[in-house]
Amino acid sequence: MICNTKYSNLRALFLIFSICLFFSSCKKDIYGCIDLNADNYDSDATINDKSCIYTNLTLNFDNLVDGSAIIYGNNNFLFHNVNGTNYSVSKIKYVISDLKLYFQNDEIVQFDEIIFFNSDNNETSSYIFNNLPGLCIGMEFRFGLSAENNIDLLYINEDYNFHDLMDWPNSFGQSTSSVNQLGGYHYMQVDGRYIDDQGQQKGYSLHTGPTNGQDFSILYPKFDFPPSAEITLVMNINNWYDNPIHDIKPSIMDDIQTQTNLFENANNVFSIITQY
Amino acid sequence: MKKKIYFFTTIFILIHSCDKYEPKCMPGCTDPLACNFNINAQEDDGSCVYSDEWPCNYQPTSNVIVEPVLGFPLPNNSFENPLTEAGINLGRHLFYDPILSSDNTVSCASCHKQEYAFGDKTQFSPGVGGVLSNRNTPAMLNLIFHEQSFDWDGKSISLESQASRPIFNQHELNNSDWCEVISRLSNSPFYQDLFCAAFGVEKIDSSHVLNALAQFERTINSTNSKFDQFLRGQYTLSMSESNGLSIYNSEKGDCFHCHPLYLTTDNQFRNNGIDSVFTDLGRFNITNNINDRGLFKTPTLRNIEYSAPYMHDGRFNTIDEVIEHYNSGGFDSPTVDPLMKYIYTNPYNIPNERGLYLTDQEKSDLKAFLLTLSDESFITNPNLSNPFNQ
């Protein structure tokens, strides 16, 4: 009886013969990869033989508090900021856009995709760019979405429930407080708890987005790094608070002063680490 | 310069056997078209049972497309199971017909009642023999717009697969196998005609039953509430409704982070702080991840007026009680959502007070807004009603 199942005993024997033959060819026609961007560029080759190998770039996301890895939780209160306020981090989400990658031969590749990181979803912890012209030496990106890309309902069919999770409500012409919000999407949501000045646990939502009609997204200048196939974008949460100094508040979505403080703090929040 | 050429020669020799010294290959019916198809069977033992056959003169009916709706994700007009008039009609009959239950007493619509937004007005709903469901029957609508996971804990991943759960659940339709269900249906000349019209088949298998139910469910949509009319410029919100919208849609009430407009569900599993100790572990039962203890799928708030009682266990009888829950700050637990910010405090730093601290006026405004999500044309839609009463 032949039965194609896990119960049947499969005995496989693999024999691999590898024969490598080396021989030289005459000087005039040297076949090989003549593309400078390829991993296997051959400086002696004169004729391109379609053997070029191109590179992918893996972009990982990592979030720290002053060098410590984040242990996600509501009330472990492992962290404190420049004000000495103790806090916990339960969830982190943010979006980057207007991405440009720079390559060794001065080539620049631009991406229209938005890239969403969600600490609740492992699938978003790294993003892979395919078919790049070589190893990457620089990256430029925008934290959040520019005003022209931050439009109500624009990303309603985006992957990873981006719309459901990052919707920044349109106030439908009503004012939510003294401030009239424009719709679109959050740039970032960091949620957790802190100990308030009465010693009590309070939830906070470090949520940034367009406020009072103002675009608070941040186009970072180019980050340079050694030629890499894998890089990590690191966010230090504490740097959102230290320059100018301001403190954690529960709700800031229509708080123009806090949004401005965060915007001004953005300079040193992100860094890029290369793996090799 | 040397040029390198690599030759790789790979020879696989596979010795494949399954002799009498092997553990027995599991016998059973291996034909997916048979009613007793056993997905675990490895060796067909000739036990397959098929539905009776009847003559079918198939006249294809037109395809039905659910149109995109402003503010909603694109509807899942499934390619594998395209909606057709006859398919939807069959699904609707199956949904309302107790023939799907083991003793011909309970139908899907016994628990999912149109007048209650396809939920039920009791905390738990009786299935076959009066056995109560162990969770509250959820309102069931707009599922075509967010087909990711179904049931309070997301245990079903498509409407087709969801539909088989109630058919065999002891708390619901309580059948023991497909043969039982299929023989009742295929003995009915009425259903022979409907299955023929829907799928052009001369005998039934389980996929026809599930596909038809899913087709009907994809038409159970509510997109004409006062709030939708407001979005289309056809209705002006009252002062109270509009204040309620501001509370809902800002961090004052902070409903929108979990119930984002316009769908009013974020399709996520969350713990909204209704308990400090869990009796039902919810999402954890599916994932075994300790961070998922006490998480349930955020339900839609559309037609919430009609679908009381509320929460996965139907603990709250009125919208006022639900608002009071959120207003009071909720209960702490290791998995409570951080958006429940005022479990110990309040936004105004008033000592010894906790919760959102909404005024009575603000609570009634919030409720007024929630009531604009009611869609009367939905709960009276003649295309969704019991076809046997017509």
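Predicted, not measured: the structure shown is a model, and the values here were computed from it. Chain letters run A, B, ... following the sequence lines, proteins first and then strands; every chain starts at 1. Computed over heavy atoms, backbone and side chain alike; hydrogens, waters and symmetry mates excluded.
Considering OH of Tyr262(B) and CD1 of Ile156(A), their distance stands at 8.0 Å, rounded to 0.5 Å. With rounding to the nearest 0.5 Å, the separation of CG in Asp164(A) from SG in Cys258(B) is 11.0 Å. Atom CG of residue Asp120(A) and atom CG of residue Asn291(B) lie 8.5 Å apart, to the nearest 0.5 angstrom. In this structure, Asn118(A) CG and Gln268(B) CD are separated by 7.0 Å, a value rounded to the nearest 0.5 Å. Taking CG of Asp337(B) as the start and CG of Asn74(A) as the end, the distance is 8.0 Å to the nearest 0.5 Å.
Considering Thr345(B), Ile343(B), Asn346(B) in turn, Thr345(B) is the only one that fulfils the side-chain contact (heavy atoms from CB on, under 4.5 Å) rule with Lys202(A).
Summarising the geometry of Lys91(A) relative to Pro338(B), their closest heavy-atom pair is CE-CD, 3.6 Å, with the distance given to 0.1 Å. Residues Glu251(B) and Ser205(A) approach most closely at OE2-CB, 3.6 Å, considering heavy atoms.
Neither the backbone nor the side chain of Thr264(B) has a heavy atom closer than 4.5 Å to any heavy atom of chain A. Residue contact with chain B, scored on non-hydrogen atoms closer than 4.5 Å, involves the backbone and the side chain of Asp167(A) alike. Neither the backbone nor the side chain of Glu158(A) comes within contact range of chain B; no heavy atom of the residue lies under 4.5 Å from a heavy atom of that chain. Within the 4.5 angstrom heavy-atom criterion, only side-chain atoms of Asp196(A), from C-beta onward, approach chain B. In this structure, no portion of Tyr72(A) lies under 4.5 Å from any heavy atom of chain B. In this structure, the portion of Asn75(A) lying under 4.5 Å from any heavy atom of chain B is its side chain and not its backbone. Of the two parts of Pro334(B), only the backbone, made up of N, CA, C and O, holds a non-hydrogen atom closer than 4.5 Å to a non-hydrogen atom of chain A. With a 4.5 angstrom heavy-atom cutoff, Gln201(A) touches chain B via backbone and side-chain atoms both.
Applying the disulfide (SG to SG under 2.5 Å) rule to Cys255(B) yields no partners; only residues at least two apart in sequence or on another chain are considered. Listed by chain and residue number, Asp228(B) satisfy the salt bridge (charged side-chain N to carboxylate O under 4.0 Å, His left out) test with Arg302(B) (two or more places apart in sequence, or in another chain).
Comparing Tyr342(B), Tyr344(B), Phe72(B) by how many heavy-atom pairs each has under 4.5 Å with chain A, the most go to Tyr344(B). Contacts with chain A were tallied for Asp332(B), Thr265(B), Leu70(B); Asp332(B) has the most, counting heavy-atom pairs under 4.5 Å. In terms of non-hydrogen atom pairs under 4.5 Å with chain B, the most contact-rich of Met166(A), His186(A), His163(A) is His186(A). Per-residue heavy-atom pair counts under 4.5 Å with chain A were compared for Met340(B), Gln148(B), Arg354(B), and the maximum is reached by Gln148(B). When each of Pro351(B), Pro73(B), Gly329(B) is scored by its heavy-atom pairs under 4.5 Å with chain A, the top score falls to Pro73(B). Ranked by heavy-atom pairs shorter than 4.5 Å toward chain B, the options Gln200(A), Gln189(A), Arg193(A) are led by Arg193(A).
For Ile71(A), the CD1 atom is loosely surrounded, since the number of other residues' heavy atoms within 6.0 Å does not exceed 12. For Ile47(A), the CD1 atom sits in a packed shell: over 12 heavy atoms of surrounding residues, nucleotides or ligands are nearer than 6.0 Å. The local environment of CG in Asn288(B) is crowded, with over 12 non-hydrogen atoms from other residues, nucleotides or ligands closer than 6.0 Å.
Asp254(A) has its side chain out of reach of Lys252(B): every pair of non-hydrogen atoms, C-beta onward, lies at least 4.5 Å apart. Proximity of His146(B) to Asn161(A): side-chain heavy atoms (C-beta onward) are nowhere separated by under 4.5 Å. Contact check for Tyr248(B) versus Pro169(A): no side-chain heavy atoms found under the 4.5 Å cut-off.
A perpendicular orientation is assigned to the rings of His207(A) and His257(B), their planes being inclined by more than 60° (bins at 30° and 60°).
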